[in-house]
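The shown structure was predicted, so the numbers you read here are calculated from the model rather than taken from an experiment. Letters A, B, ... are given to chains in the order of the sequence lines, protein chains preceding strands, and every chain is numbered from 1.
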Amino acid sequence: MSRKELLSKIGLRQDGRRAEELRRIRCKLGVFTQPDGSAYLEQGLTKVLAAVYGPHQVRGGRSKAQHDAAIINCQFSMAVFSTGERKKRPRGDRKSTEISIHLHQALLAAVKVELYPWSQIDVYVEVLHADGGVFPACVNAATLALIDAGIPLKEYVCACTASLANNNVAMVDISNQEETLGGPVLTVVALPMSAKIVHMEMSQRFHLDHLPKVLNLALQGCKDIKAILDDVVRQHVKDIGSSTGWSQTNRKQ
Amino acid sequence: MLTTKIFIRKNRAGNFLKNIREHYLRDDIHCGISNCHDCPPNSNISPATHENKCSLYNFNHYLVLDTNVILHQMDLLEEDAMCNVIILNTVLEEVKHRNLPIYKRLNNIMENTDRNFYLFPNNFHIECYIAQDKLEVINDYNDRCIRRACTWYMQHVPDAKFVLLTDDVANRQLAAEENIYCCSVENYVAHLENCGSLQDKLAHHDGHSISKSDDIFPPHLTTLEIHKGIKENKLYQGVYHASRDNFLEGYVVVEESDGTPMQIIVQGRVGQNRAVQGDVVAVELFNVKEWTAPSDLVFEDEGLVESGVDEVLRKEAELNVGKGKKEAEDRKPTGRVVGVIRRKWRQYCGILQQDGDASGLYQLFVPAEKRVPKIRIQTRQGVFLRTQKIVVTIDLWPRHSRYPEGHFVRALGAIGDQATENEVVLLEHEVPHNQFSEQVLKCLPKLPWIITDADVEARVDLRDIDICSVDPPGCTDIDDALHCRPLTKDTFEVGVHIADVSHFIRPGTALDVEAANRATTVYLVNKRIDMVPELLSSNLCSLRGGEERFAFSCIWEIDKNAKILNVRCHKSIIRSRKAMTYEEAQITIDDKTKNDSIAISLRNLNMLAKILKRKRLENGALVLASPEVKIHMDSETMEPLDVEVKKLFETNSMVEEFMLLANISVAEIILEAFPDCAMLRRHPEPPVSNFDPLIKVGKNLGFDIKVDTGKHLAESLDEAVNANNPYINTMLRILATRCMMQAVYFPSGIYEKSNFFHYGLAVPLYTHFTSPIRRYADIIVHRLLAVTVGSDATYPDLLDKQKSKLLCNNLNYRNRMAQYAGRASVAFNTHLFFRNKVQDEEGYILCIRKNAVQILIPRYGLECTLYLAEKGQSSAYFQYDVEEQTQKCGDITLHAFDPVTVRLSLDSSNVQHEKFVLKLVHPYIEGFSLPPLNVPSKRKGDSKNKNKSHEKRKKQLH
C-alpha cells in the first residue's frame, strides 16, 4: 500500500488542488510566424507547442488525396528533455505513433474537412515538458493552433483526464505524480458544446459503478477547458484586431 | 497561487533526476476556529466546548503539537484530557512518514468530534507556506513551518491563545523569540488538572533515570552507516528473535546474498545490544573462528528494580565458559547487533515485579511474553498496579539503562482472574473484541423480521423439503443444514443449505467493515467473540429448527456410487425441520425402527458420505490428528470441572464430507466466473525437510514413511500400525500434522493455477463457503456466488485483485491469531483445572531429548516435558543414545511412542507462567520414579453443568 493518498481526508490532493479543480492553464496563440497557425499551451507543468500548416496541396503520394475532404496529417513528438530521464527517441516510437493516431481521430471530428477537397492539413505537436495529461494538452493546443490558422471547426475539441481516488472519489486533470501513484486514468476527448464524446481511453479497469461519475467529471473538465480556451481566443482576436485599429473603432462607438 | 517544489532524486540505475512538482497555495482554507470572522463560513467547524485547564496559563487556549510529541506521547493524547488541538498538515505528514500505526491512532482521535482536533493544512495555506531554504535540514524546516503557523494563528485570531507543545529545546527557544507560548509536554501535563494518572502515561524520551553509571551497551550505528554496510555486504538485515529460555541469547533471521535464509546467533549484552523481539536489526557476522553453538543453558532474568548490571555480567561469564567445550560442528553463524533499523515495539501485557518498594516511583514490569525484556516504568500508583495485569509500552532504551524504559498504558484487571486472563489472551493475539459500535448496530434489520413477497419472489421456495441441521450440542450459530431425497431408483438429490449472511451484511456498510476486520469468530473456552452481532449470528442467520430462514443452497444430483451428475446453486427459503446434535443424528441413523423422512435422508446421506470419504482418501487426502479437548465448566463459578477429549461420531464425518463437497463445488463455480478475483483457499505442499522429524521417528519404529507426495504419505501413515500399541498411529498423525504448512486464503489472480492445490484434502480447488456466520471469507464467497447465479450485483472492491489480496492477508492473520487465542484459552483453563491437584495419568512419549522426554497426555491433549536430569547436567539414571533416540536405565529403555504413566501437577510459582511438572510413575525406576498414588484418577460424572460454547471449533486445517 502506498503511503501517499491521492486525496487526503480534508479533500486536498498531493499538489493542493481539490478533486474537481483543473491545473492552471495558460496559453497563447500565434507563437510562430512560419506556420499558418500555432499555439503554446501550459497545463500545470505540462507544456506543449502546436503548429498547423495548410490547408495546402497534398504532398507526397497523390493517391492519399481525397476528392471530398481534406486529409489531416498529425505528428506528435516529445522533446528529449521533456521527461525526468532523457528520452532516446523524440518521435516514431510506439507510444508517439499511437498518440498521433488518436490526435488525428480527435481533430477529424472537429475540422470541417469537407470544405477542402484534395487538400491536406498538417498538425505538428511537440511536448516540451511532460507532467501528466500529455495527450489532452496536445489536443487542446492543436485546437488553438487550428483556430489560429483560421481553419473552420465545428466547435472546440477539448480533452481532459479524470481518475478515481481512494476507489471512491472522482478527480479531474491528473498530474504525473498522481498517474504514478496509481489509479486508473480515463482520458476523454469531447466536443464540449454539443456534449459529444469523440474519443475515450482508459489505462486500467475500475468498477462499472464508478464510470458515470468519473466520465461526468472528465466532461465537466472539457467544458471548463473550453471556457478558458475561448477566453484566450477572444482576447487574441481582440489583440490582433487592435493592431488594425479595430478595437479603437469599437471603443469610439 | 502556485509555486513549485523542486527536488533531486536518485533512480534505481543510480542516475540523478530532477523532479519538479506543482504546489498550489490556497486562500480558501478555514482556520478551524468556530468564531473566526475572517474565514469563509464552514458548517463543519464545531465550537470548542472544552476548556484546556493548565495552571501554567490562566486562560483557555488551543494547542499546537510538534511531531515528536505525537510520535512519543500517543497514549497520553488518547486520554480525553487534552482537547482543542490544532494538528498541522506538516506534522501529520511527518507522523505518517515515520510511524504508520501512530498515524492511524491519531486519525482515530481526530475523528472523535468531542475532542475537537482540527487538521489545518498549513502547507497549502497561502499565508502559512514558507519555502524551504537551500541548506535547511528538513527537521528545521518543519519546525519553522510549525512556528510560522503559530504566528499566523496569533495574527489571524487575536482574541484566542495558542500554546505550542514541543520537547525540542531549540525549537522552544526560537518560538519564545517569536512570542509564541510554548511548553514541554512533561511540564504541561504536570500542571494540568487531575494530572495524577496522566503523568504515568507520559513517555520519557530524555532518559529519566539520571544515571551516573557508564554506558553498558555499545552505541548503535547511524542509519547511514547501516545502509552503507548492508550495501557492501558487511552487515545483514533481519528480524531479531529472542530466545524463550535464555534472556541473553537470540537469533536474527537474515537472507544471504543468494536468497537463502540464515540464522545468526547473537549472545550477551553486547551481542543483543538492545534489540527487542521482532525488531528489524542490522547484524555483523563474526569470523568463523569466533562462532559458537546455541547454548542449552536456561537463564532467567532475575534483575531487581534497583539492581545493577552485575547479575548480567555474571551470567554472561557463565555463558562464555560453556563456549570452549562446544563441538566445532555444532557451531553456528554468530554475530552481534550493530543497529536497529525499525523498532517493532507494541503494547505488552504483563505484571509488575513484586520485589522492592511497592510505592516507589520506578517499577519493573514483567511481560507475559517471555521473549520481551522487562520494562522499567514510572508510576505513582505502584501499590494498586501490583495486583493488576497491566499494559505497558516501551518508549526508548538508552545506552546506560539495563532495561528499556516505558510507560503504563492501562490496567486490565486483577491477576489470575478469569476475565482478566481472557482479556490478556485477546489482547496478546490482537483479537478485536470491543462491543459493536452504534453505527454497526444500525445496520441490523429491525425486529420483528418478516419475509416479504419480494423475498419469496427472488428465492427458490424449499420450505416443503425436509431439511435438518446437525451440529455440536449447544451450538447457537447454525450455519449449515442438509437434505437428501431420492429422485429415481439410483439417484438422489442432495442439498447443502448455508445461512444467507450476505443478504443481511451488505458490502460497504459499517457492519461489513467491522466483520471484515474481525474476520472470524473467536472461540475461547467460556467466551465467544462474535464476528457479527448476536441478532444475526444466533437468530436471523442461524438455521434454527422449525423457523423459516434464508439460505444459499447448493444442490447436487448424485447417483448411488456418489458420482455427481450435476450441481446447481441458488438462494432459497428453507424451514429446517429439526436442529440435531451429532449424537442425536447418530441415534436416529442407528435406530432401525425410525423410518420418517428425516431418518431416511440421514441414512442416505451417511451412506453417500462414506463413499465420498473413501474416494477422497483414495485420492491421497490426509487424515491428520491433533489432540483437541473440551473443557467442562461449572456454569455458576465458571471453574473448569473436567477436561476431556472431544467425542467423534460418524455423523461428524458425514456433515464434514458434504461441507467439503459444497466448498469444492462452489470453488469451481466462482473460479470459472471470476478467474481473477475468486477467493480460494490453498494449502501448500510442505517442503520435504519439514518431514524430517516424522521420518526419523518412523525409522526408529520400523516404519518407512514416504513423503514425496501426499498420497504416499497418506498410504504410509495408514500402514504404520502396531497391534501392541494402537495409539502409535495417532501419534504419527499428530507428528505429521505438525509438519504441515498453514492453509491460506488468496484471490485467484495472484497465483498460477498449479498453486491453487489443497495438499491436505488433495483437491485442485478449494474454498470456504459453509460457515458465513463465523468466517468472513465465506461471506465474500457467497457474494461471488450470488453474482454468478444472478441474484446479486458486484461492487467495486469485490473485483479488485489488490484489495482482495489485502483482505486475504487480514483474514489469514486473524484466523491464525484466533487459533492461537483459542489454544491459549484452553491452556489457561487446563491450568486452572489442575491447580492444587496431583494426578497420575497415562501418556505417550512423543520424542526423546538429551535430558528430557516430551510426553503427550491424550486425555487432556497436553504436551509436557518430563525432565530426566537437571538442566545442564547429565542424568544420574539415564543414558542417552543419539543414534537410536532412546534413554536407557538399566534394563528399562524409553523409546519414542512408549506408553508411560506420569504424575501431573502444576507449578504455580511463577504467576504469569504456570507450568506442569511431571514425575515418572511407570515404568518404575528405583530412586527416580514415584510410587503410584493410592487414589486412581477418576472421571467426574457427566451430570454436572457443562458449558460448551467453544465446541464449534472445527479443525482449521481445511
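- The number of heavy atoms from other shown groups lying within 6.0 Å of CD (A:Q34) does not exceed 12.
- Summarising the geometry, atom CZ belonging to A:R18 is positioned 4.5 Å from atom CZ belonging to B:R26; distances are rounded to the nearest 0.5 Å.
- Of the two parts of A:R13, only the backbone, made up of N, CA, C and O, holds a non-hydrogen atom closer than 4.5 Å to a non-hydrogen atom of chain B.
- Enclosure of atom CD in B:Q439 is not indicated, since only 12 or fewer non-hydrogen atoms of other residues, nucleotides or ligands lie within 6.0 angstrom.
- Residue B:I20 comes nearest to A:D131 through the heavy atom pair O-OD1, 4.3 Å, listed as atom of the first residue, atom of the second, then distance.
- The side-chain heavy atoms of A:R24 and B:Y24, taken from C-beta on, include a pair separated by under 4.5 Å.
- Side-chain contact between A:H207 and B:L799: present, with at least one pair of heavy atoms (C-beta onward) separated by less than 4.5 Å.
- In this structure, the separation between CD on B:E22 and CG on A:D15 is 6.0 Å, given to the nearest 0.5 Å.
- For the atom pair B:H23 NE2 and A:Q14 CD, the distance stands at 10.5 Å (nearest 0.5 Å).
- The list of side chain to side chain donor-acceptor pair (under 3.5 Å) pairs with a residue in residues 798-807 of chain B, not counting sequence neighbours, reads A:N167-B:D800.
- Residue pairs meeting the salt bridge (Lys or Arg N to Asp or Glu O under 4.0 Å) criterion with at least one partner in residues 213-233 of chain A, sequence neighbours excluded, are A:D230-A:R234.
- Rounding to the nearest 0.5 Å places CG of B:D797 at 9.0 Å from CG of A:N168.
- Around atom CD of B:E672, no more than 12 heavy atoms belonging to other residues, nucleotides or ligands sit under 6.0 Å away.
- The CG atom of B:N89 lies 6.5 Å from the OG atom of A:S8; values are rounded to the nearest 0.5 Å.
- To the nearest 0.5 Å, the span separating NE2 on B:H30 from CD1 on A:I10 amounts to 13.5 Å.
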